[in-house]
Amino acid sequence: MLKLEKLTKVYKTGDKALSDVDLEVPKGQVIALIGPSGAGKSTLIRCINRLVDPSSGRAILDGVDITSLSARGLRRARRRMGMIFQEYALVERLSVMENVLSGRLGYVGFWRSFFRKFPQSDIDEAFRLLDRVGLLHMADKRADELSGGQRQRVGIARALIQDPALLLVDEPTASLDPKTSREIMRLIVEMCRERELAAIINIHDVSLAKMFVQRVVGLESGRIIFDGKPEELTPDVLTQIYGEEDWEATIEVVEDEDEEDEEAGGA
Amino acid sequence: MPTRTTSTGVKVWQLRDRNGQLIRWALWMATAIIFYVSWMKISDQTTWFFVYDAPRVAADIGGRAWPPRWEYITQLGRPIWDTLNIATLGTIFALIMAVPIAFLAARNTSPTFPLPRFVTRILKAMTGRTMTSYNVIRPFALLIIVSSRSINSLIWALLLVSIVGPGVFAGLIAISIRSIGFCAKLLYEAIEEIDENQVEAISATGASGWQVMVYGIVPQILAAFAGIAVFRWDINIRESTVLGLVGAGGIGLQLQSSLNTLAWPQVSLILFVILIAVIIGEWVSAKVRAAII
Amino acid sequence: MSSVALEDRVGKRWRKPHFITNPMLRWTLLIGGTLYLIAAFASLEVNWPRVYEGLERGWRFIVGFANPDFVSRAIDIREGMIESVIMTVTSTIVGVAISIPVALGAASNIAPLPIYLVCRFIISISRALNEIIVAILFVAIFGFGPLAGFLTLSFATIGFLAKLLAEDIEDMNKSQAEAVRSTGSSWLQWVNFGVQPQVMPRLIGLSIYRLDINFRESAVLGLVGAGGIGATLNTAFDRYEFDTVAAILLLIIITVMALEYISGIIRARVQ
């Protein structure tokens, strides 16, 4: 469904952030993109929805080459890709509801969005999503009144209301405490399962990644150097990606998955 | 550590080393000399007899000005209304003009135009920096801001009185022109400080350029905008009270004619009214600002 | 529980919550504001034929900017500019010197109450009165010339600087000042070692900023006879010599830009 071909990004400063990245993500698959900071994880997902313009190579979503699209075509393509950000990137001065509805901007005209006259179906969907992430009672609060975990839930709702085929997720848990991190990861993965969404999740917490995904891609200095199942992440592989360190502890923690499964789903 | 050896050979600690000390003294000396020379120049142009006489003159004026001619207030209704309008409408016009200028002046929203490749290459050869686009409009926007800010509203009023004739209209335009630079400067600084992540997030949804503006940028600067508006309105209340001195309408006209006829009781009443207006203006703007933030 | 809430909301219209929640207040403000604007515009008397007539002069002014005339009134311009600069410099020095003790007195964390009230009073008087009005009074009392301008600007500087400086002193780091006090220093020593180092960079920055403002203000004081380039400007306007006007305005703009540039550098260095 998503296919990257020799995707390369060289920044103006001359730094090569990505070199010849080839990657294929089938429908409904959630992959974790791991690697040290500066490996190009962020650049990679931003090259897919062209928040960063790749220098060469192609990104193909459902047969459409995104890298060659015009501005209008790009906006259309972006509707198919929901994005979730590290620092939530909610518009803090807008209400929770407006933030969620902003995910529909690609579908409604300027004046309708200007006067907040979204179609009733969008509004219903927004309420359903807010209910699903457990924040219905917060709908008319301003986004900056929310806690970190709550904000990220709004971020997820905003990405999902786009009705995307693919989620691009940039370090969703980097600013959250461990428990909230797991809840958020679980929510994202569950949503992907429910809606058969593909997702690329940038994440630096390897053990958290292994807990939730079926496929891990390791990036180092802009190159893919690992692509496989979480179990295949041996200390050797991790050393290759991150450098020398004792990795045994990281690999072992994967057990306690099910104990707090209830609250996130049933809230 | 800076030290110094005294004649007896004992090292003494000092706050600064010798050069620093010298520069400091030189600066102080220069300031003193500049001040002295400037003061002599002022002194030359001053009729000191008047100055010695000043306390008596001040007492004399004070005596004539008191008590204020309270019944004159009935003739001040219209001038006060005009003054308020000059300040308020002037601020509104200024804001309408200042918003686009601010967006054109802010680095992150000002449109850039791609340079032809050969220009990029020449620049690279000359400066060693890679520039693929250039911002043509920004310098113009900044020039408008600087020109508007450098020139006092009274001078703008003088100019406009000679162009459109005396009256409220000239004062209104003068206040607008003077305020454009002030508002645009503060606003473009606010625009440059916005959180780009929020803008990026809105772009990522597939929103159009104008939608990104309305959802990503405007909410972030709205509070700053409102703050700037009332701040400038408060200043404009003060400034519009004196525009009449050059014929640009408002209560200053009455002040001018009272001064010309040496009607000191009226002058003192007008000054009192101005003082009240300024205090009310400050109070309102403080209230509004507190409500916004 | 939450599903019930959801049932309540799905299918209902949604509106952005109003900024002012009280509908009475909201409508009063809205209608009042509209009525005011209508009344204000209605009372605006514009003499359109006169404006139309003036457009030609406006055009000459813009053309004047393209080729400003520095020459015909060179002597007046030079004298005026020198006088403006002199007034600016002297008034800033004197204003800063006086505003320091006033600021100390107006900082509630240092000054005893009676002194605090007196100093705050000085500040409010200075801030409330427009420079031009002060200049008119000073001209009436001290006669025409730069002395009145100098006094006006000094007076205005006190209100501006002392207020901001006093706020800065009130915000300063208490523990640093207390550390100095605990060494058993006298009040003056305490101010010198505990307070001054903390507010000095801001004092320098503000003084330079005020220098800039004083120059701009000095350009208008001449209109009421208080010296400086304003008098020359006024004359040029009276004679409709727009090319000379343009020359003077350009000089003012350039000087202000230069001052802003320099003050940017100095502020960056002291902070």
Side-chain angles (χ1 to χ4, degrees), chain A residues 11-14 42 45-46 48-52 71-95 98-116 142-144 154-155 158-159 161-164 167-168 170, chain B residues 99 103 107-109 111-115 117 119-121 123-125 127-135 187 190-191 193-229 289 291-293:
Chain A
Y11 280 109
K12 260 191 211 164
T13 49
S42 234
I45 64 166
R46 281 176 167 71
I48 297 173
N49 66 0
R50 274 179 58 192
L51 285 176
V52 172
R72 174 180 288 265
L74 175 62
R75 287 205 300 274
R76 195 164 280 273
R78 276 180 178 166
R79 304 196 306 208
R80 310 271 296 139
M81 297 179 281
M83 189 157 177
I84 297 169
F85 294 80
Q86 173 177 354
E87 301 281 355
Y88 330 121
L90 299 185
V91 182
E92 311 226 326
R93 288 263 172 178
L94 293 184
S95 69
E98 284 170 291
N99 268 293
V100 175
L101 285 171
S102 71
R104 296 300 293 179
L105 286 177
Y107 295 89
V108 301
F110 175 75
W111 290 109
R112 288 198 87 156
S113 60
F114 183 84
F115 290 111
R116 286 13 180 203
R142 223 164 69 175
D144 55 7
V154 177
R158 173 174 67 187
I161 202 172
Q162 280 178 240
D163 191 20
L167 280 186
L168 302 170
D170 190 14
Chain B
V99 168
F103 276 101
R107 276 192 195 85
N108 46 352
T109 53
T112 53
F113 295 93
L115 288 173
R117 201 161 286 163
V119 179
T120 307
R121 231 172 272 154
L123 283 174
K124 170 102 181 169
T127 61
R129 284 194 322 181
T130 320
M131 260 174 77
T132 51
S133 58
Y134 182 70
N135 196 326
L187 196 57
I191 296 173
E193 279 170 19
I194 59 171
D195 175 9
E196 288 292 338
N197 284 328
Q198 299 177 27
V199 181
E200 205 180 32
I202 299 294
S203 315
T205 64
S208 69
W210 285 106
Q211 286 177 327
V212 172
M213 178 81 115
V214 170
Y215 275 77
I217 299 176
V218 169
Q220 294 195 57
I221 57 169
L222 207 56
F225 176 80
I228 294 165
R289 253 179 292 174
I292 297 164
I293 300 161

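Just so you know, these numbers use all the heavy atoms, side chains as well, and skip hydrogens, waters and symmetry mates. Numbers restart at 1 for each chain; the letters A, B, ... are given by sequence-line order, proteins then strands.
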Could you look at [X] and say if it's the side chain, the backbone, both or neither that has a heavy atom under 4.5 Å from chain B?
X: A/Glu92; result: both
X: A/Leu90; result: backbone
X: A/Arg76; result: neither
X: A/Phe85; result: side chain
X: A/Arg50; result: neither

Checklist entry - With A/Arg116, which residues qualify under side chain to side chain donor-acceptor pair (under 3.5 Å), at least two apart? => result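 With neighbours one apart ignored, the set is A/Glu98.
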Next on the checklist: Show, in sequence, the C-alpha distance, side-chain angles and deciding distance for B/Tyr215 and A/Leu105, and conclude whether the side-chain contact (heavy atoms from CB on, under 4.5 Å) test is met.
Outcome noted: CA-CA 9 Å; B/Tyr215 275 77; A/Leu105 286 177; 3.6 Å; yes
Checklist entry - Any idea which of A/Arg72, A/Arg78, A/Met83, A/Arg104 has the most non-hydrogen atom pairs under 4.5 angstrom with chain B? => result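 The option with the most such pairs is A/Arg78.
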Item to check | Most chain B-contacting option - heavy-atom pairs closer than 4.5 Å, from A/Ser113, A/Ser102, A/Gly82 | outcome: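 That would be A/Ser113.
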Next on the checklist: Could you check whether A/Asp163 pairs with A/Arg79 (Lys NZ or Arg NE/NH1/NH2 to Asp/Glu carboxylate O, under 4.0 Å)?
Outcome noted: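 Salt bridge flag = no for A/Arg79 with A/Asp163.
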Checklist entry - Can you list the residues that meet the ring pair (Phe, Tyr, Trp, His ring centres under 6.0 Å) rule with A/Tyr11, with sequence neighbours excluded? => result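 In terms of ring pair (Phe, Tyr, Trp, His ring centres under 6.0 Å), with neighbours along the sequence ignored, A/Tyr11 is linked to no residue.
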Item to check | Side chains of B/Gln220 and B/Asp195, donor plus acceptor under 3.5 Å | outcome: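 Side-chain D/A pair, B/Gln220 to B/Asp195: absent.
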